[in-house]
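Counting starts at 1 for both ligands and their atoms, in listed order.
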Amino acid sequence: MKVGIVGAGMVGGSAGYALAMMGGVSEIVLVDRNEALARAQAEDISHAVPFVSATSVRSGAYDDLAGARIVILAAGVSQKPGETRLELLERNAEVFREIVGAVGSATREAILLIATNPVDIMTDVATRLSGLPPQRVIGSGTILDTARFRSLIGRHLGIAPQSVHAYVLGEHGDSEVLAWSNARAGSIGLETFADQIGKRLDATVRQSIDDGVRNAAYRIISGKGATYYGIGAGLARIVKAIAHDQRDVLSVSIMTGMVEGVPDVALSVPRVIGAAGVLADLFPELDREERAALRRSAMLIKEATESLRF
Ligand SMILES: NC(=O)C1=CN([C@@H]2O[C@H](COP(=O)(O)OP(=O)(O)OC[C@H]3O[C@@H](n4cnc5c(N)ncnc54)[C@H](O)[C@@H]3O)[C@@H](O)[C@H]2O)C=CC1
Ligand SMILES: CC(=O)C(=O)O
């Protein structure tokens, strides 16, 4: 399967690397307005390939995306220390006006996988610009926040993150909602498991995990300028689900008809992902506070989207 990546910076490059390490993708084409960067990233990643897989990695122009089954969009500006994702909106919407049309001219068959921030609104923008069905324009959404959540819960309770079943919902951003009420360790409630092993899971612990998830990007950006390994792996994970029609449940963002009374908004809930894109949504059972927080998150995204001149 051929995968295109538009935007060969830290996120696009990391996604290419993660895909090459994962294997199962025959060809990766990196496109960037900085052609020298795309060339250099492709060459560097291709030198990792002989150790693990047989993926062909090269740079190219938009025409070279013909035949791609998935095109990852990771072009645009990223946050400076202290900047929010929403502050990138106007600049990255401009970038999408240019690149979504160019991708569409090269391939109409591809599923678009959006990483550029603010990712929920960029997913809405890409859906509108491409004219593709929402199920085929997928934002990485809270896949990364969900990984952060599971990792911190797993570390606290001493179990593997893969055995923690918990999701972050709503915006990939400051208003995101950590769904504690339906989180599970294996098949049992987190609190029950914490009691069984004599661990605390009180408000202080929850607050510390919430901060670890919600503010991870700010901390990483202040320390090293950008985040990219986590999202690179998350994007590769979504590609794998599509490539192998795996029907995995992942928290990703697509245009959604109605969320807690808010119509037509792109945000994350757990969704089934297969070869055709998003196949179904799993609206979680939430407590009253979480539902109210999800509504606030949806309204915030909706208002920011409507503020965008389009
Ligand atoms: N969804 C998520 O969870 C995450 C999203 N991001 C977002 O991903 C985006 C990319 O971040 P980085 O890779 O760190 O930035 P970067 O600056 O390293 O790379 C961006 C690339 O986009 C290219 N670009 C800009 N305008 C273009 C255009 N019109 N046509 C083609 N290429 C163009 C630039 O030349 C640059 O190489 C940002 O918006 C960032 O906020 C970053 C981390 C996590
Ligand atoms: C930058 C970003 O969106 C993240 O790491 O969550």
Nearest-contact summary for [atom] - protein heavy atom, Å:
| atom | answer |
| --- | --- |
| atom 41 (O) of ligand 1 | Asn117 ND2, 3.0 Å |
| atom 30 (N) of ligand 1 | Ile99 CG2, 3.5 Å |
| atom 3 (O) of ligand 2 | His172 NE2, 2.7 Å |
| atom 34 (C) of ligand 1 | Asp32 OD1, 3.5 Å |
| atom 5 (O) of ligand 2 | Thr227 OG1, 2.6 Å |
| atom 19 (O) of ligand 1 | Gly9 CA, 3.3 Å |
| atom 17 (O) of ligand 1 | Gly76 O, 4.1 Å |
| atom 26 (N) of ligand 1 | Arg33 CZ, 3.4 Å |
| atom 3 (O) of ligand 1 | His172 NE2, 3.1 Å |
| atom 29 (N) of ligand 1 | Glu98 OE1, 3.3 Å |

Taking all non-hydrogen atoms of both residues into account, name the closest pair between Ile273 and Leu279 and its distance. C-CD1, 4.5 Å
Please identify which of these residues, Gln79, Glu83, Glu87, Met122, meets the side chain to side chain contact (heavy atoms under 4.5 Å, CB included) condition with Asn117.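 The passing option is Gln79.
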Test side chain to side chain contact (heavy atoms under 4.5 Å, CB included) applied to Arg295 and Val259, Val177, Val262, the passing residue: Val262
Side chain or backbone of Leu88 under 4.0 Å from ligand 1, or both, or neither, by non-hydrogen atoms? side chain
Closest to [atom] (judged by heavy-atom distance), picking from [options]:
| atom | options | result |
| --- | --- | --- |
| atom 10 (C) of ligand 1 | Ser78, Ala74, Ala38, Gly7 | Ala74 |
| atom 28 (C) of ligand 1 | Thr227, Val95, Ile231 | Val95 |
| atom 2 (C) of ligand 2 | Arg214, Arg85, Glu176 | Arg85 |
| atom 38 (C) of ligand 1 | Thr142, Val77, Thr116, Leu30 | Val77 |

For ligand 1, which atoms sit closer than 4.0 Å to a heavy atom of [X]?
| X | answer |
| --- | --- |
| Ala75 | 22 (O), 24 (N), 32 (N), 33 (C) |
| Asn92 | 39 (O) |
| Leu144 | 3 (O) |
| Leu37 | 37 (O) |

Taking the side chain from Glu290 and the backbone from Ser181, do they hold a donor-acceptor pair closer than 3.5 Å?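 Here the side-chain-to-backbone pair exists.
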Give the atom numbers and elements of ligand 2 that come within less than 4.0 Å of a heavy atom of Gln79. 1 (C)
Atoms of ligand 2 less than 4.0 Å from Leu144 heavy atoms?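 Under 4.0 Å from Leu144, ligand 2 has these atoms: 4 (C), 5 (O), 6 (O).
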Would you say [Y] and [X] are linked by a side-chain donor-acceptor pair, where the criterion is simply a distance under 3.5 Å?
| X | Y | answer |
| --- | --- | --- |
| Arg271 | Thr256 | yes |
| His172 | Asp120 | no |
| Thr142 | Ser251 | yes |

About how many Å separate [atom2] of [Y] and [atom1] of [X], when rounded to the nearest 0.5 Å?
| X | Y | atom1 | atom2 | value |
| --- | --- | --- | --- | --- |
| Glu35 | Leu30 | CD | CG | 12.5 Å |
| Leu267 | Leu294 | CG | CG | 6.0 Å |
| Trp180 | Leu201 | CH2 | CG | 5.5 Å |

Min heavy-atom dist Arg148 to ligand 2 below 4.0 Å: yes
With only distance considered, is [X] within less than 3.5 Å of ligand 1 through an N or O on each side?
| X | result |
| --- | --- |
| Val11 | yes |
| Ala115 | yes |
| Asn34 | no |

Heavy-atom pairs closer than 4.0 Å: do any link ligand 2 to the side chain of Asn117, the backbone, both, or neither? side chain
When you look for heavy atoms under 4.0 Å from ligand 2, do you find them on the side chain of Val119, its backbone, both, or neither?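 Within the 4.0 Å criterion, Val119 makes no contact with ligand 2.
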Answer yes or no: is there a side-chain heavy-atom contact under 4.5 Å between [X] and [Y]?
| X | Y | value |
| --- | --- | --- |
| Gln246 | Arg237 | yes |
| Met255 | Asp124 | yes |
| Val77 | Asn92 | yes |

Got more than 12 heavy atoms from elsewhere within 6.0 Å of [atom1], [X]?
| X | atom1 | result |
| --- | --- | --- |
| Tyr17 | OH | no |
| Tyr229 | OH | no |
| Gln196 | CD | yes |

